[in-house]
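Shown next, in structure tokens, is the structure this report addresses.
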Amino acid sequence: MILRATSWIIWTVSRQSLAEEKPMPTINELHVNGRKHSINADADRSLLSVLRDDLGLTGCKYGCGEGRCGACTVLIDGQSTRSCVTRVGTVQGKQVRTIEGLATGGKLHPLQEAFIGAGALHCGYWTPGMILSAVALLDQQPQPAREEIIRFMNGNICRCGTYARIVTAIERAAKVMKGGAR
């Protein structure tokens with residue numbers, strides 16, 4: 001008899017708890033690369049998964065899944081952000097920029113051109129995150145010293161080891177963006 005009463009109490013409490021649970025919030029719109037995108041995503045999903053799986057923007061990559069390698073870097077309102085650890089619900093109403101939205105009018109961004117010119121691409125897997133981090137740097141500091149570039153880019157991994165070429169590319173892009181020669 002006691003066992004039945006205990007089971008009934010547990011079942012009743014569980015049922016009440018389920019009835020009181022609120023539905024998961026969803027995100028219905030995302031601003032990416034200057035366009036509004038209609039989506040239906042759980043607000044707790046990673047921004048990386050929504051960009052890649054729902055919007056087909058595969059430039060940002062899954063690397064470590066912990067926000068440490070930089071492969072998933074995007075810009076949110078101009079700030080370099082790791083999309084693998086950013087919940088999509090936190091970016092609603094903000095501007096998200098991926099590598100796919102960097103070129104304008106069919107013309108590559110100066111950083112993209114500089115990465116090509118300096119031979120900093122190699123495998124290309126880590127390149128989009130590197131370039132977007134560098135965009136954030138040059139937006140904040142248009143003429144950084146070499147040491148500032150190294151410090152800012154620390155945390156973006158390049159498994160091919162093209163770090164010296166990446167720094168050179170950023171230095172070249174800074175000159176071009178200032179109005180210097182390519």
Side-chain angles (χ1 to χ4, degrees), residues 30-35 37 46-86 88 90-91 94-182:
L30 203 55
H31 297 268
V32 181
N33 298 329
R35 293 182 41 222
H37 294 270
S46 73
L47 177 59
L48 176 65
S49 73
V50 172
L51 291 171
R52 291 182 61 82
D53 300 338
D54 298 4
L55 300 180
L57 299 170
T58 58
C60 49
K61 308 290 192 239
Y62 181 88
C64 67
E66 297 176 356
R68 297 181 185 272
C69 70
C72 67
T73 300
V74 298
L75 302 177
I76 298 176
D77 289 340
Q79 297 296 310
S80 175
T81 306
R82 305 299 203 237
S83 65
C84 72
V85 293
T86 302
V88 73
T90 66
V91 300
K94 297 180 180 180
Q95 297 298 320
V96 178
R97 193 171 188 192
T98 68
I99 194 73
E100 291 90 346
L102 198 54
T104 55
K107 185 170 172 27
L108 292 177
H109 187 279
L111 272 161
Q112 291 171 309
E113 290 180 351
F115 266 66
I116 292 168
L121 295 173
H122 253 247
C123 76
Y125 192 87
W126 312 94
T127 306
M130 290 279 188
I131 290 174
L132 288 168
S133 289
V135 167
L137 167 63
L138 295 182
D139 283 349
Q140 292 173 20
Q141 172 58 291
Q143 294 298 303
R146 184 178 259 292
E147 295 76 30
E148 291 174 294
I149 294 170
I150 293 167
R151 189 172 39 254
F152 191 89
M153 297 301 291
N154 191 23
N156 280 81
I157 294 174
C158 171
R159 297 208 180 198
C160 299
T162 62
Y163 296 111
R165 294 182 209 166
I166 290 165
V167 172
T168 299
I170 296 167
E171 290 172 327
R172 286 182 186 177
K175 287 179 187 172
V176 169
M177 291 169 72
K178 186 179 177 184
R182 295 182 186 260

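Residues take their numbers from the sequence shown, with the count starting at 1.
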**Distance in Å, Leu138 CG paired with Gln143 CD, rounded so as to fall on 0.5 Å steps** = 8.0 Å
**Request:** Provide the closest heavy-atom pair for Glu66 versus Cys84 in the form atom of the first, atom of the second, distance.
**Result:** N-SG, 3.7 Å
**Item:** Distance, nearest 0.5 Å, that separates CZ of Arg97 from CG of Leu57
**Value:** 13.5 Å
**Asked** With a 4.5 Å heavy-atom cut-off, do Pro144 and Leu137 have their side chains touching?
**Response** yes
**Message:** Salt bridge check, Glu113 against Lys107: does any charged N sit closer than 4.0 Å to a carboxylate O?
**Reply:** yes
**Message:** To the closest 0.5 Å, what do you measure between CD1 (Ile166) and SG (Cys158)?
**Reply:** 4.0 Å
**Request:** Quickly, which of Asn33, Val32, Leu30, Asp77 forms a side chain to side chain contact (heavy atoms under 4.5 Å, CB included) with Gln95? Name it, please.
**Result:** Asp77
**Item:** Residue pair Leu47 / Ile76, side-chain heavy-atom distance below 4.5 Å
**Value:** yes
**Asked** Does a donor on one side chain sit under 3.5 Å from an acceptor on the other, for Gln79 and Thr81?
**Response** no
**Prompt:** Are any of the side-chain heavy atoms of Phe115 and Arg172 separated by less than 4.5 Å?
**Reply:** no
**Request:** Measure the CG-CD1 distance between Asn154 and Ile149 for me, rounded to the nearest 0.5 Å.
**Result:** 13.5 Å
**Asked** When rounded to the nearest 0.5 angstrom, what distance separates CG in Leu108 from CD1 in Ile131?
**Response** 9.0 Å
**Message:** Which heavy atom of Leu132 sits nearest to which heavy atom of Val74, and what is that distance?
**Reply:** CD1-CA, 3.9 Å
**Nearest-0.5 Å distance that lies between atom SG in Cys64 and atom CZ in Arg82** = 8.0 Å
**Request:** For the residue pair Arg146 and Val167, establish whether any side-chain heavy-atom pair is separated by less than 4.5 Å.
**Result:** yes
